[in-house]
2 protein chains.
Amino acid sequence: MAKPSTLPTRERLVMTAMDLFSRKGYESTSVADVLQQAKVNSGSLYHYFPGKRELLLAVLDAYQGGIEPMLLTPAWKGVTDPIERVFALLERYRAGLAMTECSYACPIGSLALEIHEPDPPVRKALARNFEAWVRAVEGCLDAAGDRLPRGTDRRGLAEFVLTTMEGAVMQARTHRDIACFDRSVAQLRRYFDLLEGRPPRASRPPRPTRKGARP
Amino acid sequence: MAKPSTLPTRERLVMTAMDLFSRKGYESTSVADVLQQAKVNSGSLYHYFPGKRELLLAVLDAYQGGIEPMLLTPAWKGVTDPIERVFALLERYRAGLAMTECSYACPIGSLALEIHEPDPPVRKALARNFEAWVRAVEGCLDAAGDRLPRGTDRRGLAEFVLTTMEGAVMQARTHRDIACFDRSVAQLRRYFDLLEGRPPRASRPPRPTRKGARP
DNA sequence: GTCTATAAAAGGATAGAC
DNA sequence: GTCTATCCTTTTATAGAC
């Protein structure tokens, strides 16, 4: 996530906007904020982009392009089991929460709920991001072969993994409690175990963790 | 959701803000928007609230107070089976999507991701909303008694229902396709069925529905 | 409690020299 | 492609009469 000032202007703008949109939200980030942090002048930004909205589109494209190299590749390093890969992916989001005292949110999910204008190009760019993510998970499920019951709706199950990630991040962020994230992921795990016909794991309910729990 | 102009000023402001914040988002709604739609003058709003943020707090309190009478009571009318009640609740959100061509979003979830300032009072008001919702579902799970396996983490499972709702609404909204919502809910249903030890339902994957499918 | 008018700042975007 | 200066609109909030 380093964004050395040595990057070409346009990319510096996009990187900076990614950072600010994800930390402050789209509406709450002013063009001036982006300009200042990217150390770029107004004229340059408007040379590359007609306006803030098109900068957003570039940001969404950048996220999509980053899924493989920035998310999947590191998440799956050393993980070969296809179902473990699903949970390794979720683990990356957990790390995002852990590193930020649970103020992290999935940037795509946040934008998906923040953007209220119809604006089909923006909406479609968001949808493409979700779709790429879901397809990656679907690939894992396909690779899991007959470990999942015959006739399993793999696409639906892959979407459900995204659903779980988004909902779990949302609650963990809202409660500022990573145990929320863990509990939802544990439920998803149980679901997978049941689908695979595995016996229950640790049967004890993850105890009602309170924020700074004792060490 | 009728908000007759006959309501007292303060409540008219809160109702109007609920509507606008949910349809346009918090940042994208200006105080002037609220004033205009509520037919209230600037001086009156600032008589009741120090500022927009406190109006938001009032809105969040109103949502919380509305959970029982506006959400649970209608959702559970004529539904007695505790687990069916869980899905009847989800059905209400589906209706929200269906009525709005999938532009609906859970107002609490949207605010939870849109608000990026730390602002603990706002965060806590959001958390209370989630908590009340989760507790209602947890009540259903408790009522389901031994239909769920011994040792089931009912709190975690109730949170997982919220996770599913939020994630499913987010995707349906983004793709403008209610089938997304249905697929995630179908996965949750399958999870419950497995927990209850029921045989699989309709084993056919809900086919990859495309928006306006043929009639 | 409500009204009108207005302040004061921040917002997105543009102009035109270099 | 980049720079500075600036325009115009919207925004939140206040003042003070009624």
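Numbers restart at 1 for each chain; the letters A, B, ... are given by sequence-line order, proteins then strands.
- In this entry the distance linking CG of D33(B) with P of dA13(D) reads 14 Å, nearest Å.
- You'll find that the side chain of H47(A) is closest to dG1(D), out of dG1(D), dA13(D), dT2(C).
- For the residue pair Y26(A)/E27(B), the side-chain donor-acceptor check at 3.5 Å is not satisfied.
- Regarding E27(A), its CD atom lies at a distance of 13 Å from the C1' atom of dT10(D), rounded to whole Å.
- A salt bridge is defined here as a Lys NZ or Arg NE, NH1 or NH2 lying under 4.0 Å from an Asp or Glu carboxylate O, and R128(A) with D61(A) meets this definition.
- For dA13(D), the OP1/OP2 oxygens have a side-chain nitrogen or oxygen of Y46(B) closer than 4.0 Å.
- Classification of the F87(B)-F192(B) ring pair by plane angle, with boundaries at 30° and 60°, yields perpendicular.
- In this structure, N41(A) atom CG and dG16(C) atom C1' are separated by 14 Å, rounded to whole Å.
- Looking at residues 118-126 of chain B, you'll see that no heavy atom sits under 4.0 Å from any atom of DNA chain D.
- In this structure, the nucleotide among dT2(C), dG12(C), dT4(D) sitting nearest to the side chain of T9(B) is dT2(C).
- The residue among S28(A) and P50(A) whose nearest nucleotide of DNA chain C is located toward the 5' end is S28(A).
- For Q36(A) and dG12(C), the CD to C1' distance is 16 Å, given to the nearest whole Å.
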S44(B) vs N41(B), side chain to side chain donor-acceptor pair (under 3.5 Å): CA-CA, chis, key distance, verdict: CA-CA 5 Å; S44(B) 295; N41(B) 296 303; 5.3 Å; no
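- A donor-acceptor pair under 3.5 Å links the side-chain atoms of K52(B) to the main chain of T29(B), judged by distance alone.
- Between S30(B) and dT11(D) there is a side-chain N or O to OP1 or OP2 distance below 4.0 Å.
- We find that CZ of R12(A) is positioned 11 Å from C1' of dT2(D), with the value rounded to whole Å.
- The nucleotide whose nearest atom lies closest to any side-chain atom of K52(B) is, among dT12(D), dC3(D), dT2(C), dT12(D).
- Closest approach to the Y48(A) side chain among dA13(C), dG1(D), dT14(D) is made by dG1(D) (side chain taken as heavy atoms from C-beta onward).
- Taking atom CG of L45(A) as the reference point, atom C1' of dA13(C) lies 10 Å away to the nearest angstrom.
- If you measure from atom CD of E54(A) to atom C1' of dG12(C), you get 12 Å, rounded to the nearest angstrom.
- Position along DNA chain D of the nearest nucleotide to S42(A) versus G43(B) favours S42(A) as the more 5'-ward residue.
- Among the candidates L157(B), T163(B), L188(B), the single residue satisfying the side chain to side chain contact (heavy atoms under 4.5 Å, CB included) test with Q187(A) is L157(B).
- When the C1' atom of dA5(D) is taken as reference, atom CG of L35(A) falls 14 Å away, rounded to whole Å.
- Salt-bridge check for R23(B) with D19(B): passed, with a basic side-chain N closer than 4.0 Å to an acidic carboxylate O.
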